[in-house]
Amino acid sequence: MSLAPPEGKSSTATELRKSTHFSSGHDARDPIIFEIESEEPLNLDITLSSGQTFRWEKEDSDWWRGFIKGNRVFIRQTKTNNPSFRLECKTSPTIEKSTLIEEYFNLNKNYKNIYSFFEKDPILKAATMKYRGLRLLSQEPWEMLISFILSSASNIPRIKGNIQRLCEEFGEQKFDVFGAYHSFPTSKALASASVNDFKKLGFGFRASYVWDTSLKVAEDRGYFSKLATLSYSEARQELCKLPGVGEKVADCVLLFGLDRLESFPVDTWIKKIVERCYFSGKAIPAKKLAEFGREKFGKYAGVAQQYLFEYARGMEIE
DNA sequence: GACCAGGTCATCA
DNA sequence: TGATGACATGGT
């Protein structure tokens with residue numbers, strides 16, 4: 001399978017060859033193997049543990065278990081770039097796997113151009129060297145909205161736990177060849193719950209935000225389709241009308257759920273590293289830092305943010 | 001048993 | 001505008 005590069009995207013013509021076993025008797029439990037020839041790297045481990053997504057878990061056997069567009073997916077990387085990388089994927093047999101994987105991991109986005117743009121900046125250059133292959137994922141905006149409302153003054157292990165309990169309690173139970181699982185709950189399902197239900201899940205002060213926002217989105221059919229037609233700043237303004245959504249959460253929804261790479265979410269990690277590396281340690285209000293990021297990194301601000309986020313966290317751990 | 005966490009919101013100067 | 005504190009509670 002050869003994918004022609006859409007306009008403005010990869011010029012390296014990402015080749016996506018599938019070696020499938022779709023002959024009669026194929027079982028979804030057998031992996032589909034994607035051999036992808038590309039100069040543009042993917043590092044699955046870094047990408048799936050990077051804090052932009054909260055429902056992937058790595059199993060003992062190197063397989064990641066998670067969800068793409070509501071489908072349970074198992075995926076692992078058995079070969080890193082040089083010159084190609086290989087992904088193995090297991091999911092429901094009815095799914096068009098190559099499209100699913102390609103879109104979710106943005107395999108056609110031109111990271112080569114992005115990396116060469118980052119070369120000019122010493123901090124990003126270092127971050128790129130360390131986390132090469134980290135990619136932004138295309139996720140569901142509704143899931144991003146609730147996930148990042150829950151991220152307020154929290155930490156990643158806790159956010160993951162909150163989301164898992166939310167799915168188990170209010171998500172639809174589904175079955176595939178691997179067994180039962182719960183989908184991410186709809187806005188309608190959450191609007192029918194109560195603030196107290198969410199407090200029982202350990203949401204704390206975020207409980208009312210989740211409920212109020214679910215109610216508003218459930219009442220507004222096509223909320224995200226409408227959002228997608230707006231400009232970045234209009235969409236951001238609209239999102240900020242939702243309870244529990246400020247500029248940071250809005251930027252995360254736009255970046256991770258609506259592919260708006262011009263957004264630059266500023267959290268505690270970004271604040272720390274940007275102040276330290278670009279403002280000599282001087283304290284700067286988050287609003288100004290977001291403007292700075294958008295201006296400095298332009299159409300790649302969101303990618304820059306994700307690399308800086310990882311870089312800042314990595315520095316803390318070392 | 002502190003301390004802190006991918007913020008938001010209301011209030012005040 | 002910009003600074004400050006309350007908001008709840010689990011993870012370390």
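Chain letters run A, B, ... following the sequence lines, proteins first and then strands; every chain starts at 1.
- The list of salt bridge (charged side-chain N to carboxylate O under 4.0 Å, His left out) pairs with a residue in residues 167-195 of chain A, not counting sequence neighbours, reads A/Arg72-A/Asp176.
- The separation between A/Lys287 atom NZ and B/dT8 atom P is 11 Å, rounded to whole Å.
- Few gaps surround NZ on A/Lys79; more than 12 heavy atoms of other groups in view lie less than 6.0 Å from it.
- Atom-to-atom, CD1 of A/Ile149 to P of B/dG7 comes out at 13 Å; the value is rounded to the nearest Å.
- A/Thr78 is linked by a side-chain contact (heavy atoms from CB on, under 4.5 Å) to A/Arg76, A/Arg86, A/Glu88, counting only residues two or more places apart in sequence or in another chain.
- In DNA chain B, runs of at least 3 consecutive Watson-Crick or G-U pairs, each pair with both distances below 3.5 Å, span B:2-5 with C:9-12, B:7-13 with C:1-7.
- Between A/Asn113 and A/Ser116, the side chains place no donor N or O within less than 3.5 Å of an acceptor N or O (distance only, hydrogens not considered).
- Between the side chain of A/Glu275 and the backbone N or O of A/Leu289, no donor-acceptor pair lies under 3.5 Å.
- Note: CD1 (A/Ile284) to P (C/dA3) measures 9 Å, nearest angstrom.
- Within 4.0 Å of A/Gln306, counting heavy atoms only, lies at least one base atom of the nucleic acid.
- Residue pairs meeting the ring pair (Phe, Tyr, Trp, His ring centres under 6.0 Å) criterion with at least one partner in residues 192-247 of chain A, sequence neighbours excluded, are A/Phe170-A/Phe198, A/Phe198-A/Phe203.
- Taking atom CG of A/Asp267 as the reference point, atom C1' of B/dT8 lies 14 Å away to the nearest angstrom.
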| query | Is there a ring pair (Phe, Tyr, Trp, His ring centres under 6.0 Å) between A/Tyr278 and A/Phe292 once you walk through the steps? | reply | CA-CA 10 Å; A/Tyr278 298 92; A/Phe292 165 81; 5.5 Å; yes
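- Computed from coordinates, the A/Lys199 NZ to C/dC7 P distance equals 11 Å when rounded to whole Å.
- Each ring pair (Phe, Tyr, Trp, His ring centres under 6.0 Å) pair with one or both residues in residues 237-256 of chain A, not counting sequence neighbours, appears once here: A/Phe148-A/Phe256.
- Within the nucleic acid shown, A/Lys288 comes within 4.0 Å of sugar-phosphate atoms alone, with no base atom in reach, counting heavy atoms only.
- B/dC4 and C/dG5 have their C1' atoms separated by 16 Å, with the value rounded to a whole Å.
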| task | Take A/Tyr115 and A/Tyr307 through the side chain to side chain donor-acceptor pair (under 3.5 Å) test and state the conclusion after the steps. | result | CA-CA 11 Å; A/Tyr115 289 146; A/Tyr307 275 84; 2.6 Å; yes
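- The distance between atom CG of A/Leu150 and atom P of B/dT8, rounded to the nearest whole Å, is 13 Å.
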Hey, what are the protein-to-nucleotides 10-12 of chain C N/O distances that come in under 3.5 Å?
unit_1: C/dG10; atom_1: O4'; unit_2: A/Arg158; atom_2: NE; d: 3.4

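- A heavy-atom distance below 4.5 Å is found between the side chains of A/Pro185 and A/Cys167.
- If you check residues 239-260 of chain A against DNA chain B, the residues with a heavy atom closer than 4.0 Å are A/Leu242, A/Pro243, A/Gly244, A/Val245, A/Gly246, A/Glu247, A/Lys248, A/Val249, A/Phe256, listed by number.
- A heavy atom lying under 4.0 Å from DNA chain B marks the following residues of residues 203-218 of chain A, by number: A/Phe205, A/Tyr209.
- Comparing the P positions of C/dG11 and B/dT8 gives an interatomic distance of 22 Å, to the nearest angstrom.
- Residues meeting the side-chain contact (heavy atoms from CB on, under 4.5 Å) test with A/Ser154, sequence neighbours left out: A/Arg158, A/Ile159, A/Arg206.
- Of the P atoms belonging to B/dC3 and C/dA6, the separation is 15 Å, rounded to the nearest Å.
- Partners of A/Gln173 by side-chain contact (heavy atoms from CB on, under 4.5 Å), not counting sequence neighbours, listed by chain and number: A/Phe175, A/Ala180, A/His182.
- Listed by first and then second residue, the salt bridge (charged side-chain N to carboxylate O under 4.0 Å, His left out) pairs that reach into residues 221-240 of chain A are A/Asp220-A/Lys226, A/Arg236-A/Glu247, A/Arg236-A/Asp251, A/Glu238-A/Lys241, sequence neighbours excluded.
- At a threshold of 4.0 angstrom between heavy atoms, the contacts of A/Ile159 with the nucleic acid are absent.
- Remark: the A/Asn71 side chain and the A/Ser92 side chain contain no N/O donor-acceptor pair separated by less than 3.5 Å.
- Here the P atom of nucleotide B/dT8 and the CD1 atom of A/Ile146 are 14 Å apart, to the nearest Å.
- Here, B/dC9 and C/dG10 have their C1' atoms 22 Å apart, quoted to the whole Å.
- Within the structure, side chain to side chain donor-acceptor pair (under 3.5 Å) contacts touching residues 140-153 of chain A (residues at least two apart or in different chains) are A/Arg55-A/Glu143.
- Atom C1' of nucleotide B/dG7 and atom CZ of A/Arg236 are separated by 13 Å, given to the nearest angstrom.
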